[in-house]
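Heavy atoms only: backbone and side chains are in, while hydrogens, waters and symmetry mates are out.
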Amino acid sequence: KEVLLLSRLQSMPGCYYSQRVKAATKIMHRVHPRALLIAALEGVAVALGIDEVAAVCAENQVSYCEEHSDLFKHGYDDFWKELRMVENGAGFFLSAVPFDEKPLSSIKQNNRLGTRKRRAFKQQIKLTCTGTFVKLTGQMVDAFKEVQAEESAEPQFSFELSQSLD
């Protein structure tokens with residue numbers, strides 16, 4: 001079974017909430033950059049026919065250190081939980097693709113319109129990534145088929161091993 005593995009989300013402590021990132025988030029309908037990344041990855045998974053995602057927990061990150069455990073848990077485990085991923089006890093969080101979202105009925109009435117807009121924006125990202133990836137992989141498949149056809153065809157010239165390399 002094919003699974004999309006999410007191993008690392010990179011950022012620098014203290015730099016995430018810079019003015020640039022805040023401004024970009026505002027422009028992107030208040031969708032967090034990590035959420036956009038996940039939407040894009042969902043699109044790729046759909047294009048490849050992958051229906052499950054696994055994500056590495058904080059303590060299993062290569063760069064994990066106990067001194068910054070709170071930052072790691074917030075940056076990884078809490079984020080995976082926000083996505084409604086389930087911890088499997090083996091150091092991974094798992095989810096089906098597409099990710100399960102909170103029902104709108106569980107969101108405060110005054111936040112529902114914004115939530116709908118953010119979901120629609122993320123859906124656009126997913127669909128764009130799916131379409132682009134399908135197109136690219138389709139082109140790669142076509143190119144691979146052409147190469148296979150060329151390799152199986154009769155050679156159009158011959159090369160004699162006895163030729164001099166001088």
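- Taking NZ of Lys102 as the start and CZ of Arg84 as the end, the distance is 7.5 Å to the nearest 0.5 Å.
- A distance of 15.0 Å separates CD of Gln123 from CZ of Arg116, quoted to the nearest 0.5 Å.
- Taking hydrophobic clusters as Ile, Leu, Val, Met, Phe, Trp and Tyr residues chained together by side-chain heavy-atom distances below 4.5 Å, Leu83 does not share a cluster with Val31.
- Ala39 approaches Lys126 most closely through the heavy-atom pair O-CG, 3.1 Å.
- The shortest non-hydrogen separation linking Ala58 to Asp77 is N-OD1, 2.8 Å.
- Residues Asn60 and Ala90 share a closest heavy-atom pair of ND2-O, 4.2 Å.
- Between Glu59 and Lys73, the closest side-chain pair of non-hydrogen atoms falls below 4.5 Å.
- At a threshold of 4.5 Å between non-hydrogen side-chain atoms, the residues Leu6 and Phe93 do not count as touching.
- The side-chain heavy atoms of Glu101 and Lys122, taken from C-beta on, include a pair separated by under 4.5 Å.
- Here the closest non-hydrogen pair linking Phe72 and Ser63 is CZ-O, 3.2 Å.
- Taking both residues in full, the closest heavy atoms of Cys129 and Gly43 are given as CB-CA, 4.2 Å, listed atom of the first, atom of the second, then distance.
- Cluster annotation: Phe133 is connected to Leu37 through the hydrophobic network of ILVMFWY side chains, with a link wherever side-chain heavy atoms come within less than 4.5 Å.
- A heavy-atom distance below 4.5 Å is found between the side chains of Phe99 and Met85.
- Ring geometry for Tyr76 against Trp80 counts as tilted: the plane angle lies between 30° and 60°, on a 0 to 90° scale.
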Item to check | Stepwise side chain to side chain contact (heavy atoms under 4.5 Å, CB included) test for His29 and Gln124 | outcome: CA-CA 12 Å; His29 307 283; Gln124 284 180 307; 5.7 Å; no

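- The side-chain heavy atoms of Leu36 and Phe121, taken from C-beta on, include a pair separated by under 4.5 Å.
- Thr130 pairs in a side chain to side chain contact (heavy atoms under 4.5 Å, CB included) with only one of the listed residues (Val44, Val46, Ile125), which is Val46.
- Judged by distance alone, the side chain of Gln61 and the main-chain N or O of Val56 form a donor-acceptor pair under 3.5 Å.
- Between Val97 and Leu4 the shortest side-chain heavy-atom distance does not fall below 4.5 Å.
- In this structure the side chain of Leu104 reaches within 4.5 angstrom of the side chain of Arg119, judged on heavy atoms.
- One N or O on the side chain of Arg112 and one on the backbone of Ser105 form a donor-acceptor pair closer than 3.5 Å.
- Counting heavy atoms from C-beta outward, Ile38 and Arg34 have side chains that stay 4.5 Å or more apart.
- The structure places CD1 of Ile107 at 11.5 Å from CG of Leu113, a figure rounded to the nearest 0.5 Å.
- Nearest heavy atoms, Thr137 versus Leu48: CG2-CD2, 4.5 Å.
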